[in-house]
Each structure stands twice: as structure tokens, then as C-alpha cells.
Amino acid sequence: MSGGVREAIHDALLKAVREIGVDGEIPDLELGRAKVPEHGDYASSAGLKLARVLRQDPKAIASRLAETVRVADNAARAEAAGGYVNFRLTDDWLRALLARIAPGYGARDLGDGERIQVEFASINPTGPLHIGHGRGTILGDSICRLLEFTGHAVQREYYVNSDNTQTRRFGASVYARLHGQEPPEGGYTGEYVTELAEMAGHDLPGIETLPEDEAEPKLRMYALAKMVERIKATVARLNIHYDEWFWENRLWESGLPQKAIERLRAAGYLKEKDGALWFGDPADQEEEDRVVIRSNGQPTYFASDLGYLLSRFEQRGYERVIEVWGADHHGYVPRMKSAAAALGFDPEKLVIILHQMVNLKEGKMSKRAGRFVTLDELVDRVGSDAVRYFYLLRSPDTTIEFDLELAITQGNENPVYYAQYAHARLVNVEAAASERHPQLPERADVSLLVHPWELDVARQLAFWPDVVADATALLEPHRLPYYVHDLATSVHRFYHAGNAQSEHRVVVDDPELTRARLELCRAARQTLKTALDLMGVSAPERM
RNA sequence: GCCCCGCUAGCUCAGUGGAUAGAGCAUCUGUCUUCUAAACAGAGGGUCGGGGGUUCGAAUCCCUCGCGGGGCACCA
């Protein structure tokens with residue numbers, strides 16, 4: 001039952017549907033978690049769904065299904081209620097589950113080694129990361145962790161822009177500072193630009209004497225490299241490590257954009273207009289044409305992106321590419337998709353995940369003006385774990401209205417501590433048990449676990465593979481913190497039963513009973529750790 | 001004008017077309033001589049932005065209107 005109990009129930013339900021005489025296509029039976037305890041653990045509206053197919057009373061169908069269905073390992077018992085078929089996990093199965101839980105429980109080979117590149121937070125390296133950029137990095141990294149956990153071969157990549165308008169302006173700004181001047185209109189005015197100019201003056205001998213058209217590219221590459229180092233250090237504090245920092249200029253040196261352009265030209269996707277070269281799908285009149293090469297001969301970022309597609313799908317052979325973008329780039333999605341298709345790739349294999357913005361309550365951020373709260377400052381103030389947890393808690397579709405004051409004062413109120421405390425508690429109680437009982441039985445007699453607060457911990461653990469499967473399939477890591485919270489709640493309740501009445505403690509006189517409860521602690525602790533790992537949040541042993 | 005996202009408890013947000021819409025924070029009331037009280041138990045709090053429609057069934061799907069945010073470059 002490697003797929004988790006929900007899958008086993010679903011399989012059994014489908015089999016029962018056949019047994020009661022449904023031959024054709026079976027509609028979605030809506031098997032999901034039951035919402036109220038009276039409905040058990042999983043609920044399905046199978047009777048209602050099949051009523052139309054069988055032209056029979058939903059209640060009668062549900063009753064027959066409930067009588068017919070047999071879940072593997074007797075994991076759950078079915079019960080009809082109206083047109084619904086509800087399933088309750090059996091206590092015996094819940095107890096037996098504990099022995100199967102080990103580090104990495106819930107991992108499944110959904111990917112079969114599929115080679116996926118996840119490219120995320122590829123911000124122009126023209127300034128430090130601010131709190132908005134944190135969202136993409138954390139989202140992207142957690143998606144990577146989920147994919148790795150489920151059998152995909154994942155590569156994390158940062159695409160370093162180096163030849164576009166913004167980075168040229170950045171280079172020009174450094175040039176201006178080097179000569180004691182104000183940056184040009186639309187340039188970068190932050191303090192760090194002046195610092196970069198000073199460093200460049202020191203590290204690049206003779207740079208001051210070069211004319212701007214020669215000095216700017218050198219200064220630009222120098223300054224970008226410095227900024228990349230800084231970005232690398234910032235994300236490392238959040239437990240994020242890229243496999244590859246892929247420079248745009250390398251793309252041009254390898255000739256890939258040129259190759260992509262030739263291919264598109266041959267396929268009829270390019271045309272000359274107003275002295276520029278445009279991309280457009282002749283079959284799609286809706287989509288506007290886009291400039292690939294400007295009338296001044298300079299390529300646009302789009303030209304680089306064409307080569308970048310070639311680099312990834314063809315030269316490096318990724319089967320799927322996932323890109324994480326801020327929602328302000330959403331208008332660029334159709335263009336990238338049609339470009340991928342025009343180059344001969346399956347646009348479905350280019351997955352673009354958009355996340356909404358992070359706004360500061362105090363006012364807008366402006367990178368070029370040098371006014372922003374940096375990601376580094378945020379990590380300084382609230383810590384990596386809280387930052388990651390806080391960002392992951394929100395669906396990418398929601399705009400985060402970041403109240404900095406609140407984040408700073410959040411302290412112990414932060415939900416991350418709730419989950420971490422559950423983990424630390426379990427570690428602590430396991431240590432206390434081995435101190436009290438140096439020689440515990442090797443095997444746990446789980447039949448001694450009879451209390452609802454004990455079985456509820458096991459029940460939560462049974463749900464974990466479902467969460468992994470859903471979060472992976474939908475690429476939605478925000479499901480993780482919600483699960484972790486639920487598991488932590490059942491752990492705290494279980495622990496607290498011992499505070500209320502000492503015979504319910506984990507560590508009791510009876511070594512057999514202690515051993516059985518320890519089994520529960522171990523399983524819960526390992527699963528908490530696994531879930532926190534997938535979020536990139538630490539699981540402290542002591543708090 | 002066109003496109004995207006959001007609108008759910010006082011606040012911040014979950015919620016694969018199913019039964020009685022949830023959590024955290026905040027507020028109020030209880031619980032530590034005991035394995036960690038960063039915890040537990042309980043209470044109050046809702047026209048799921050408005051209006052239509054589809055459906056046996058809608059917070060969820062469709063249409064429409066409103067409000068907020070973002071985007072519509074030879075910037076990225």
C-alpha cells in the first residue's frame with residue numbers, strides 16, 4: 001500500500017462499483033477527507049454520482065457499495081449514509097501503520113526519475129533581494145524538495161540576466177559612480193552602486209581610463225558577479241542552494257539564440273517590420289507580435305529566452321521545465337508557450353507558476369531608488385524558519401500584505417514554533433523514557449494503544465501520503481504547513497493527556513506501555529521532521 | 001479598453017462540485033508540586049463582495065456587476 005490509504009480505498013471502491021454492475025465509464029466518486037467525525041475519515045458521494053448512470057436510488061446504491069467494498073488490509077470499514085459511502089480507518093490498521101513509518105515515510109516514486117529543471121527567482125542581479133523576491137525563492141525551493149521526495153531528478157537553476165537593458169543601465173550606473181557622477185536617467189542610485197564602483201576601481205586596474213563603451217561591459221559583468229555572490233549568500237541563509245547559475249552571456253557565446261532564430265525563420269515565425277525582427281505565430285492572430293531583434297541591432301530578452309528554451313529542452317534534455325515568476329510577468333506566459341511550441345517543444349512541458357506580489361504595508365518598494373527592505377534584513381529579524389513558514393503558508397494566488405512590525409513582534413506567536421515545539425517535545429519525551437527505562441522491550445505491542453488521543457496521532461500520520469501526493473501533483477507546497485499544524489495539534493493533545501492524568505503519560509512504570517507509546521512518538525517525530533524538511537524549516541530537538 | 005489574481009469570522013488566511021464552511025491571531029473563561037504551559041480544554045464571532053444561471057447538490061463551475069491589486073514596451 002505504498003500509495004497511501006486513500007488510494008487503497010479508492011481502488012477498493014472502484015472494484016466494488018464494478019461488482020455491483022457498472023460497466024461503462026465511472027464518474028469521479030469524490031473520495032476525500034470527511035469533514036465531520038461522524039462521517040468517518042474519508043467520504044465519497046458514490047451513490048449520488050452513480051444514480052444517473054444506474055438510474056437507481058442513490059441510497060440503495062450507496063448501501064450496496066458499502067456492503068460490497070473490501071479495502072485492502074482491512075484498513076477501513078465502509079458505511080452508507082444517504083447517498084454517501086463513508087470510510088473509517090480501523091484501529092488495528094492504524095496501530096499496524098506505525099511500524100511502517102520510518103524516515104522518509106510518505107515518499108513515493110511518482111516521477112520515475114523524470115528530469116525536471118526548476119528555474120526560480122531569476123531576478124536581474126542589479127540589487128539585493130528584497131522581501132518580494134523571497135516568495136519566489138521559497139516557493140521554488142519547496143517545489144524542488146517535493147519533487148525530489150517523489151522520485152524526480154531535479155535541478156535548481158538561476159538565470160542570470162547580463163545582456164538586457166536593465167543590466168546595461170546597471171553597468172552605466174556603476175560607470176557613472178566610478179567617475180563621481182550621478183547615474184543616468186532610470187539608473188540605479190543605491191548606496192551599493194557606489195560601493196561596487198569603488199571595488200571595481202580597485203580590482204580592475206586602468207578601468208577609469210577606458211571610454212564608456214569599453215568600460216561599461218567590464219564594469220557590468222564585474223558588478224553583476226558581485227551581486228550574484230551576494231544573492232547566493234542571501235538565499236543560502238534560507239536553506240536554498242542552486243545547482244546552476246546560468247549566465248545569459250554564456251547563451252550568446254554558445255550560439256543558441258542565433259540557432260533558435262534561424263529555426264524560427266525557417267519555420268515562418270519571423271518577419272521584418274520597421275527595421276526590427278518580430279516573432280509571431282501566423283496561425284494565431286490574437287497574440288501580438290514581439291520584437292526579437294531591435295532596429296538598432298540589439299537583441300531583446302525574448303531572443304535570449306528563445307536560446308534558453310533550446311538550452312534546456314534540447315541541449316540539456318530536461319523533460320519538464322518549471323519556472324516560478326512573479327505575477328507581474330503573467331502577460332509573458334502565452335508568448336513563452338507559443339515560442340516553445342514554435343521551436344518544436346511541447347508547451348505543456350513548460351510549466352509556469354505565478355505568484356502574487358508581496359507588498360509592504362508602509363508603501364511601495366522601488367529597487368532603483370534603493371529604498372526597500374531586503375530579504376537579509378527580514379531574515380535577521382524573524383529568522384529563516386519563520387520566514388519560510390510564513391511565506392509557505394499562503395497560496396501563491398494571494399497577495400501578501402507584509403506587515404513588518406507584526407512580523408518582527410511575532411516572536412512566540414509565530415505558528416512555526418507550534419510545529420517545532422511538537423517535534424522538540426517528542427525528542428524530549430523519548431529521551432526521558434530511555435533514562436527512566438534503560439532496557440525497554442525491543443518490539444512495541446501496539447495493541448496497548450487504545451485511547452482516542454493516541455489513535456488520532458496515527459490517523460493524522462495516515463493522511464500524510466495524501467498530502468504529499470496532492471502537493472506534488474498540484475505543485476502546491478502551501479499544503480505542507482497546514483498538514484504540519486494538524487499533526488502538531490494531535491501530538492500536543494496526545495502529550496497533554498499525560499499532563500491531565502499521569503497514567504496517560506508516555507513514560508509510565510509499565511515498560512510495555514511506555515514502549516508502545518514511544519512507538520507513536522517515534523512515528524510522529526519522524527513524520528514531522530520529514531514534513532518540515534520539505535518546507536526547508538528546521539526540526540529542533542530542544543526549545 | 002483588454003488580460004491575470006483576490007474579495008470567506010474583528011485581523012491574516014485554508015477550503016479536489018457534496019452532508020452542519022474551518023484554522024491561526026485577537027477577545028473572554030478555565031488548566032502547571034508531575035515526561036517541555038512556545039502547551040491543553042472551552043466560549044463568542046459568518047448574507048463565503050452583490051445579482052443571475054447550471055446542478056439532485058455551489059464558497060467552489062458559467063455569466064454579470066462592484067471593490068482592491070498587478071499587467072498590457074524595440075523594460076524584464
Side-chain angles (χ1 to χ4, degrees), chain A residues 28 30-36 38-39 43-45 48-49 51-52 58 81-84 86 122-124 126 161 164-169 186 273-278 288 290-296 298-302 304-305 325-334 354-357 359 390 393-401 403 406 410-422 424-433 435-436 470 473-474 478-479 481-482 485-486 488-489 491-493 495-502 504-508 514 517 521 542-543:
Chain A
D28 184 0
E30 308 275 0
L31 178 70
R33 285 276 296 284
K35 283 185 179 157
V36 288
E38 297 79 67
H39 300 155
S44 157
S45 50
L48 293 159
K49 290 291 177 191
R52 192 167 300 141
Y84 301 92
N86 298 327
S122 300
I123 298 108
N124 276 331
T126 52
N161 286 295
N164 59 28
T165 306
Q166 289 305 328
T167 53
R168 287 198 180 90
R169 274 186 194 153
K273 193 174 69 185
D274 305 330
L277 187 66
W278 300 69
E288 267 184 78
R290 295 295 159 181
V291 170
V292 181
I293 307 287
R294 297 182 180 94
S295 49
N296 66 6
Q298 257 183 10
T300 63
Y301 61 93
F302 187 45
S304 295
D305 281 341
W325 296 354
D328 53 337
H329 293 88
H330 89 270
Y332 193 46
V333 173
L354 299 172
H355 64 81
Q356 294 298 317
M357 305 285 98
N359 296 321
F390 185 84
L393 211 41
R394 275 141 182 88
S395 140
D397 287 340
T398 306
T399 304
I400 295 181
E401 201 69 35
D403 187 335
L406 191 73
Q410 223 163 13
N412 294 350
E413 259 63 63
N414 195 301
V416 70
Y417 297 110
Y418 182 81
Q420 291 182 318
Y421 188 58
R425 257 188 163 172
L426 291 170
V427 171
N428 185 68
V429 76
E430 288 176 85
E435 201 169 304
R436 169 91 169 271
D470 293 345
L474 301 169
H478 73 272
R479 291 163 184 272
Y482 285 95
H485 182 269
D486 288 345
T489 296
V491 166
H492 285 309
R493 267 190 204 139
Y495 183 92
H496 201 268
N499 279 358
Q501 281 184 273
S502 56
H504 295 147
R505 289 177 172 214
V506 174
V507 186
V508 289
T514 303
R517 288 176 180 163
C521 292
R542 196 178 298 275
M543 284 176 76

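Chain A is the first sequence line, chain B the second, and so forth, proteins listed ahead of strands; every chain is numbered from 1. Everything numeric in this text was worked out from a predicted model, so none of it was measured. Note that these values count all heavy atoms, side chains included, but never hydrogens, waters or copies made by symmetry.
- Interface remark: the A/H330 side chain does form a donor-acceptor pair with the B/C3 base, using a distance-only criterion of under 3.5 Å.
- Rounded to whole angstrom, the span from the CZ atom of A/R290 across to the P atom of B/C75 amounts to 12 Å.
- In this structure, A/R290 forms no cation-pi arrangement with A/F302, as its terminal cationic atom is not both closer than 6.0 Å to the ring centre and no more than 45° off the ring axis.
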Pairing annotation in dot-bracket form, given for RNA chain B with Watson-Crick or G-U pairs under 3.5 Å and | for cross-strand partners:
(((((((..((((....[...)))).(((((.......))))).....(((((..]....))))))))))))....
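- Residue-level contact check: A/A424 touches the bases, meaning some heavy atom is under 4.0 Å from a base atom.
- Using a 4.0 Å heavy-atom distance criterion, A/Y495 is classed as a base contact.
- Within the nucleic acid shown, A/H478 comes within 4.0 Å of sugar-phosphate atoms alone, with no base atom in reach, counting heavy atoms only.
- We find that CG of A/D328 is positioned 8 Å from P of B/C72, with the value rounded to whole Å.
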Nucleotide-resolved protein contact map, nucleotides 18-27 of chain B, B/S/- at heavy-atom distance under 4.0 Å
BBB--SSSS-
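- A/S295 comes within contact range of at least one nucleobase, with a heavy-atom separation under 4.0 Å.
- Checking B/C40, B/C74, B/C35 against every side-chain atom of A/A432, the shortest atom distance belongs to B/C35.
- Side-chain contact between A/D305 and A/Y332: present, with at least one pair of heavy atoms (C-beta onward) separated by less than 4.5 Å.
- Residue A/D470 is out of contact with every strand shown, counting any heavy-atom pair closer than 4.0 Å.
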